[in-house]
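Values below: every heavy atom of this structure, side chains too, minus hydrogens, waters and symmetry copies. Computed from a predicted model, the values in this text were never measured in an experiment. Here is the naming used below: chain letters follow the sequence lines, and residue numbers restart at 1 for every chain.
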Number of protein chains: 2
Amino acid sequence: MNYKNSHTLILNNIARFIDLTELEKKKYLSLLTEIKVKKKAFLMKAGDVTKYEYFITKGCLKVYTIGEDGAPHISMFAIEDYWTGDMVSFMTKEPTHYFIKATEDSELLGVSRANYDLLFHEIPKFERFYRMLYQRSLVSYIKRSNHGLSLTAEERYIEFKMKYPKVINRITQKDLAGYIGITPEFMSKIITKVNRR
Amino acid sequence: MNYKNSHTLILNNIARFIDLTELEKKKYLSLLTEIKVKKKAFLMKAGDVTKYEYFITKGCLKVYTIGEDGAPHISMFAIEDYWTGDMVSFMTKEPTHYFIKATEDSELLGVSRANYDLLFHEIPKFERFYRMLYQRSLVSYIKRSNHGLSLTAEERYIEFKMKYPKVINRITQKDLAGYIGITPEFMSKIITKVNRR
DNA sequence: TAAAAGTCTTAAACTAGTTCATTTTTTTTC
DNA sequence: GAAAAAAAATGAACTAGTTTAAGACTTTTA
């Protein structure tokens, strides 16, 4: 079968964990919603109840909360082939605490809550897919949160640079500071220092 | 049916997400291994390849890594009705980076890797159970890591006290410092300060 | 039950990271 | 392509948390 780029991307993503028949692929694709977000536009704002889980097929988005002091804390940058959204709001139907903003013109595929539930019913293999997806995310969160605490900001920066070379030159230094957990001023100092070497 | 305490505890834990028939309960219990650990003994040491995922039926354990500087970083305290272990090592069969040490005489039920795989085959409902368990853990990790960064050590202490009142008086101040991510000395100052109010 | 080992407290000197204010550089927009 | 807006750099004064060291209190073990 011939699929369009975005569909090939998401099917390959799923094929990491489960094999689907042609019929199942078709069925699955029929449950997806195509979404476009212009640069600087919001995919989600704190207070919204999230309608979708998103898979990014093009572009770059930042996922963040606003702390009590008003400072943004960025929890992830998401580019092509990443899943994003707010699982808590999606699951509980409570309003989200997150903002998701496109930092480039972006295209996504969304799975609505109704279709998510339907999916497990129609193609039970997806229980396995999500079990494994969540398992993996959990592992990387655990690693990140353990790691994060014991490293200095400079070490966290160097690590980020190594780990996400594709991401680092698509985001601002200010947003990177929001991710690393420091002020933009200190981020600037660190970068100057590290690059001087 | 009449089950022993530890079995009732784990069955109730599972019943949060899926319903099992009597036959399935029996089958499931037959896949578990009973484990006892004395206070100060290790359930797991960095370098080991983890053989089990654990459910605690009695006692208290601390899960931690040793940072490059030699300082322990505690990632969780686990008491009765908690699941613990190292998912990464369990899944990948790579050596773990974790230490798990009993801080009280403890009793656990273990699911071996072979039985974990068997479980999905014999009782496919367990895909759902683990999907939901991981989903939940993910949510609390995300919350914790977002939250953690934006709060001061004092705020993190107050929060821990509110959230885990059962745990706080079963652990030492030093271990609590290792969890909050500060030195024992500074932990002491904070506690003195907060309790003076 | 005494001694050893570990935990907690206090305090002074220190450091990683913040805050605020100003200037320069880059990006956006009309 | 000029003006406006946003991002980045730099520096000085400040603060949360660390380090080191020493004494008091508790728990463990022989």
Side-chain angles (χ1 to χ4, degrees), chain A residues 38-41 59-60 62 64 66-74 77 101-105 147-161 167-197, chain B residues 37-42 60 62 64 66-74 77 99 101-105 147-161 167-197:
Chain A
K38 282 257 170 239
K39 180 168 181 172
K40 288 197 180 175
C60 182
K62 58 179 174 184
Y64 61 100
I66 303 278
E68 286 173 28
D69 53 346
H73 175 255
I74 298 186
F77 299 102
K101 193 175 186 177
T103 65
E104 301 174 3
D105 290 352
H147 224 71
L149 280 175
S150 56
L151 299 179
T152 63
E154 184 175 325
E155 290 166 325
R156 272 176 275 152
Y157 164 65
I158 292 168
E159 182 132 322
F160 185 86
K161 210 173 156 181
V167 175
I168 206 159
N169 40 37
R170 284 169 75 173
I171 59 177
T172 64
Q173 212 164 292
K174 198 182 161 193
D175 281 343
L176 181 57
Y179 179 86
I180 302 268
I182 56 175
T183 57
E185 292 88 341
F186 195 51
M187 186 80 258
S188 168
K189 277 179 200 168
I190 287 174
I191 290 176
T192 310
K193 189 182 162 198
V194 170
N195 292 343
R196 196 156 359 97
R197 291 203 202 118
Chain B
V37 216
K38 284 260 170 236
K39 180 169 181 172
K40 287 196 181 175
F42 287 92
C60 183
K62 58 180 172 183
Y64 61 100
I66 303 278
E68 286 173 29
D69 53 346
H73 175 255
I74 298 185
F77 298 103
F99 297 84
K101 193 176 187 177
T103 64
E104 301 173 3
D105 289 352
H147 224 72
L149 280 176
S150 56
L151 298 180
T152 63
E154 184 175 326
E155 290 166 325
R156 274 177 273 151
Y157 164 66
I158 292 169
E159 183 132 322
F160 185 87
K161 211 173 155 181
V167 175
I168 207 159
N169 40 38
R170 286 169 75 172
I171 59 177
T172 64
Q173 214 163 291
K174 196 184 163 193
D175 281 342
L176 182 56
Y179 180 86
I180 302 268
I182 56 174
T183 57
E185 292 85 345
F186 194 50
M187 186 80 257
S188 170
K189 273 184 203 167
I190 287 174
I191 290 176
T192 311
K193 188 181 163 199
V194 170
N195 292 343
R196 196 157 357 99
R197 291 202 200 119

For a quick test of reading the model: is some side-chain N or O of [X] closer than 4.0 Å to OP1 or OP2 of [N]?
| X | N | value |
| --- | --- | --- |
| A/Gln173 | D/dA9 | yes |
| B/Ser188 | C/dT9 | yes |
| B/Lys39 | D/dT28 | yes |
| B/Thr192 | C/dT10 | yes |
| A/Thr183 | C/dT18 | yes |

Where is the tightest heavy-atom contact between [X] and [Y], given as atom of each residue plus distance?
| X | Y | result |
| --- | --- | --- |
| B/Ala102 | B/Lys38 | CB-O, 3.5 Å |
| B/Lys39 | B/Thr103 | CE-O, 3.6 Å |
| A/Ile191 | A/Gln173 | CD1-CG, 3.4 Å |

Please report the distance, rounded to the nearest Å, between [atom1] in [X] and [atom2] in [N].
| X | N | atom1 | atom2 | result |
| --- | --- | --- | --- | --- |
| A/Leu176 | D/dA8 | CG | C1' | 13 Å |
| A/Glu155 | C/dA16 | CD | C1' | 12 Å |
| B/Glu154 | D/dT18 | CD | P | 14 Å |
| A/Asp175 | D/dA8 | CG | C1' | 13 Å |
| B/Ile180 | C/dC8 | CD1 | P | 14 Å |
| B/Asp105 | D/dT28 | CG | P | 11 Å |
| A/Ile191 | D/dA8 | CD1 | C1' | 9 Å |
| A/Lys174 | D/dA9 | NZ | P | 14 Å |

With the side chain defined as heavy atoms from C-beta on, A/Ala153 is closest, among C/dA11, C/dG17, C/dT19, to C/dG17

Report the residue (B/Thr172 or A/Ile182) whose heavy-atom-nearest nucleotide on DNA chain C is the more 5′ of the two.
-> B/Thr172

Pick out which of B/Tyr157, B/Phe160, B/Tyr64 makes a ring-ring contact (aromatic ring centres under 6.0 Å, His included) with B/Tyr179.
-> B/Phe160

Toward the 5' end of DNA chain D, which comes first, B/Ile190 or A/Phe186, by nearest nucleotide?
-> A/Phe186

Judged by nearest nucleotide, the residue sitting upstream toward the 5' end of DNA chain D, B/Lys40 or B/Glu185, is B/Glu185

Is a side-chain N or O of A/Thr192 found less than 3.5 angstrom from the main chain of A/Ser188, in a donor-acceptor match?
-> yes

